[in-house]
Protein chains: 2
Amino acid sequence: MLPVRLHPGGSEGPPPGAEAQPLQRRLGRLASLSPAEMAMIAEACRGPLRELPARGEIHPEGACPPPAALVSGWACRIRMLADGRRQIVAFLLPGDLIGRPPPCLPAPCAALALTRVLLADAQPLFAAGFTEHPPTQTGLGRALRAAELQEEVLLRDQVVRLGRQTAYERLASLLLELRQRLETAGLAQQRGFALPLTQEVLADALGLSVVHVNRTVQQMRRDRLIELRGGQVIILQPEALRSVADWQDIPGLRD
Amino acid sequence: MLPVRLHPGGSEGPPPGAEAQPLQRRLGRLASLSPAEMAMIAEACRGPLRELPARGEIHPEGACPPPAALVSGWACRIRMLADGRRQIVAFLLPGDLIGRPPPCLPAPCAALALTRVLLADAQPLFAAGFTEHPPTQTGLGRALRAAELQEEVLLRDQVVRLGRQTAYERLASLLLELRQRLETAGLAQQRGFALPLTQEVLADALGLSVVHVNRTVQQMRRDRLIELRGGQVIILQPEALRSVADWQDIPGLRD
DNA sequence: CGCGTCGTTGACACGGCTCAAGCTTAGTGG
DNA sequence: CCACTAAGCTTGAGCCGTGTCAACGACGCG
């Protein structure tokens with residue numbers, strides 16, 4: 001069955017219409033959107049959704065997939081080396097965008113569902129934001145563009161983590177990133193959130209071995225910086241964690 | 001004085017008008033450009049150029065700099081941790097674009113000149129490609145967009161390097177990336193190119209210590225995969241190097 | 001000629017990896 | 001309801017890749 005962790009709210013699932021919330025919330029924070037644009041987003045999330053189970057492949061490496069929005073569930077971009085080593089390049093959370101409108105380059109990494117996911121067709125959004133008008137002219141265009149730029153910021157954070165931080169610092173940094181992103185989507189509180197990831201997935205994201213992730217998590221527990229059990233994280237000492245990770249919040253849009 | 005390595009062609013420097021070549025060549029490869037668009041690029045490169053010496057700061061961390069094109073010289077995007085650790089997030093080569101048109105997010109990393117550099121104002125190019133028309137409608141728009149997407153591909157390569165490759169593999173991979181990018185700009189042959197970087201800079205890019213970069217370079221020399229002296233690289237066994245690095249060429253545009 | 005930057009080398013320490021085993025939990029079928 | 005199983009988590013021992021510290025050499029510039 002599906003991981004129960006996915007919707008910690010309970011077994012009855014989210015109320016109808018709630019699918020649009022993460023995307024609306026996120027894009028609405030990146031730029032101010034008109035009611036028509038909000039409606040267009042809601043429409044996209046109400047439309048026929050693509051559903052994949054955990055471990056499902058959203059698109060393979062080298063593909064040029066149509067734009068989609070992640071409505072619920074967790075996914076990642078992942079690259080594999082010839083000998084089987086895997087690196088998770090980025091996590092994809094509810095409200096994130098996956099493909100790009102053509103013209104695009106063949107994606108250098110595959111996208112994989114980490115939990116059950118629901119995907120909405122984002123083609124109409126990109127058409128309105130990028131194709132019909134210059135991206136600077138509509139609120140939707142600015143929001144989509146800001147989402148792209150934010151993704152690049154996250155990639156650079158990931159480079160710094162992997163290049164210059166210790167295992168302990170990497171974990172702290174990743175937890176803070178995920179918390180902030182989930183909060184933007186309305187899926188995290190100030191100190192806690194659901195983390196439906198195995199330690200193996202964390203290892204592939206942090207460039208570490210599973211064993212070492214485990215030891216690092218335990219150390220962080222012993223230091224009373226976090227609690228982590230049953231797919232739930234609680235950040236006990238946010239300031240200490242930020243200082244360990246050298247974390248600065250992901251910036252928003254600026255004209 | 002300036003590093004002689006910069007223009008290995010000779011002391012008399014490039015012929016007049018040659019400044020536009022890397023940018024024209026690169027953008028022209030990413031999308032087919034009209035004569036008017038080629039002229040606009042040439043015009044931008046002829047216009048008043050900003051010059052910085054090696055180690056000069058192109059823009060600080062957190063800035064939102066106007067779009068510029070790197071006309072000659074090498075630069076990088078770099079991020080520093082509170083305790084002084086440095087990570088080079090990306091190298092910037094002739095023909096690369098640096099800022100983004102507003103709306104933009106505050107850059108999470110500073111841009112630094114690694115040699116003497118010349119920068120052209122790319123505002124008119126972005127205006128024509130992004131602001132006045134949707135980016136899909138003009139060749140220039142498609143080229144600029146492809147350049148952005150390519151940068152993202154390079155970032156993901158960097159993540160994989162740092163996350164899952166050994167020092168030896170990282171070096172191999174970086175050399176192949178630089179060779180291909182320089183060739184696109186018309187600055188590398190099939191097997192050799194100028195590499196005006198100290199081992200300390202390589203270390204900051206590869207997430208290694210200077211000492212270990214040195215040992216790794218030497219090992220690669222002993223293995224007769226490369227030659228590297230006086231800022232010149234020669235790839236002795238391209239196929240072997242590709243296989244070590246698990247390298248695949250940077251993709252071009254696809255509709 | 002002296003100084004600074006960069007490259008090189010050796011000795012040693014340590015963070016993180018591998019291998020291997022045991023444990024816990026949840027799902028599955030009888 | 002209870003084995004049985006598979007996946008995930010935990011722990012220990014030992015090794016290896018890479019970092020640190022320190023010194024020296026090579027080169028170019030003033």
Side-chain angles (χ1 to χ4, degrees), chain A residues 1-6 8 11 53-55 74 81 83-87 114-116 161-172 174 195-222 226-233 244, chain B residues 1-6 11 53-55 74 81 83-87 114-116 161-172 195-222 226-233 244:
Chain A
M1 273 301 287
L2 309 174
V4 196
R5 307 160 169 177
L6 186 53
S11 52
R55 292 192 181 77
W74 286 47
L81 297 181
D83 62 357
R85 281 175 287 182
R86 309 192 316 163
Q87 176 65 46
L114 295 169
T115 66
R116 187 184 77 115
R161 259 199 291 269
L162 296 175
R164 285 299 183 209
Q165 294 195 292
T166 65
Y168 199 78
E169 293 164 344
R170 289 182 209 183
L171 177 59
L174 180 61
L195 183 79
L197 304 179
T198 66
Q199 294 188 352
E200 186 175 359
V201 169
L202 283 175
D204 283 334
L206 297 174
L208 300 168
S209 66
V210 194
V211 172
H212 201 65
V213 165
N214 185 286
R215 288 193 231 272
T216 306
V217 167
Q218 312 232 22
Q219 185 60 47
M220 206 168 275
R221 283 202 270 243
R222 256 176 275 131
I226 61 166
E227 279 179 17
L228 198 170
R229 2 162 280 281
Q232 291 285 328
V233 187
V244 164
Chain B
M1 273 300 288
L2 311 173
V4 198
R5 309 158 168 177
L6 185 54
S11 52
R55 295 193 179 75
W74 285 47
L81 297 182
D83 63 357
R85 280 175 288 180
R86 309 192 314 163
Q87 176 65 46
L114 295 170
T115 67
R116 187 185 76 116
R161 260 200 290 271
L162 297 175
R164 285 301 182 208
Q165 294 195 292
T166 66
Y168 199 78
E169 293 163 343
R170 289 183 208 183
L171 178 58
L195 184 79
L197 304 179
T198 65
Q199 295 188 349
E200 186 175 358
V201 169
L202 283 175
D204 284 333
L206 297 174
L208 300 168
S209 67
V210 194
V211 173
H212 201 65
V213 165
N214 185 288
R215 288 192 233 272
T216 307
V217 167
Q218 313 231 22
Q219 185 59 47
M220 207 169 274
R221 282 201 271 245
R222 256 176 274 131
I226 61 165
E227 279 179 18
L228 197 170
R229 1 163 280 280
Q232 291 285 329
V233 186
V244 164

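Throughout, a chain's letter reflects where its sequence line sits, starting with A, and its residues are numbered from 1.
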> Could you give the CG-to-C1' distance, from Leu195(B) to dG7(C), as a whole number of Å?
Replying inline: 14 Å
> Out of dG8(D), dG7(C), dC17(C), which nucleotide sits closest to the side chain of Glu200(A)?
Replying inline: dG8(D)
>> Quick check for you: to the nearest 0.5 Å, what is the distance between Gln218(A) atom CD and Leu228(A) atom CG?
In response: 10.5 Å
> Sub-3.5 Å donor-acceptor pair from the side chain of Arg170(B) to the main-chain atoms of Gln165(B), do we have one?
Replying inline: yes
>> Both Thr166(A) and Val211(A) contact DNA chain C. Which one's nearest nucleotide lies toward the 5' end?
In response: Thr166(A)
> Roughly, in whole Å, what's the span from CG in Leu202(A) to C1' in dT10(D)?
Replying inline: 15 Å
> Do the side-chain N and O atoms of Gln219(A) and Arg222(A) include a donor-acceptor pair separated by under 3.5 angstrom?
Replying inline: yes
>> Counting only heavy atoms and a strict 4.0 angstrom limit, can you tell me which residues of residues 212-222 of chain A come near DNA chain D?
In response: Asn214(A), Arg215(A), Gln218(A), Arg221(A)
>> Distance check, rounded to the nearest 0.5 Å: Leu81(B) atom CG versus Arg161(A) atom CZ?
In response: 11.5 Å
>> Using whole Å, what does the distance between atom P of nucleotide dG16(C) and atom CG of Leu208(B) come to?
In response: 14 Å
> Can you tell me how far P of dT9(C) sits from CD of Gln199(B), to the nearest Å?
Replying inline: 10 Å
> Rounded to the nearest Å, what distance is computed from the CG atom of residue Leu197(B) to the C1' atom of nucleotide dG7(C)?
Replying inline: 15 Å
> Rounded to whole angstroms, how far apart are CD on Gln165(B) and C1' on dC17(C)?
Replying inline: 17 Å
>> Output the rounded distance in Å from CZ (Arg85(A)) to P (dC17(C)).
In response: 12 Å
> What distance separates Thr216(A) OG1 from Leu206(A) CG, expressed to the nearest 0.5 Å?
Replying inline: 8.5 Å
> Backbone N or O of Leu208(A) within a donor-acceptor pair of the Arg164(B) side chain at under 3.5 Å?
Replying inline: yes
>> Without decimals, in angstroms, what is the distance between Arg164(B) CZ and dT18(C) C1'?
In response: 13 Å
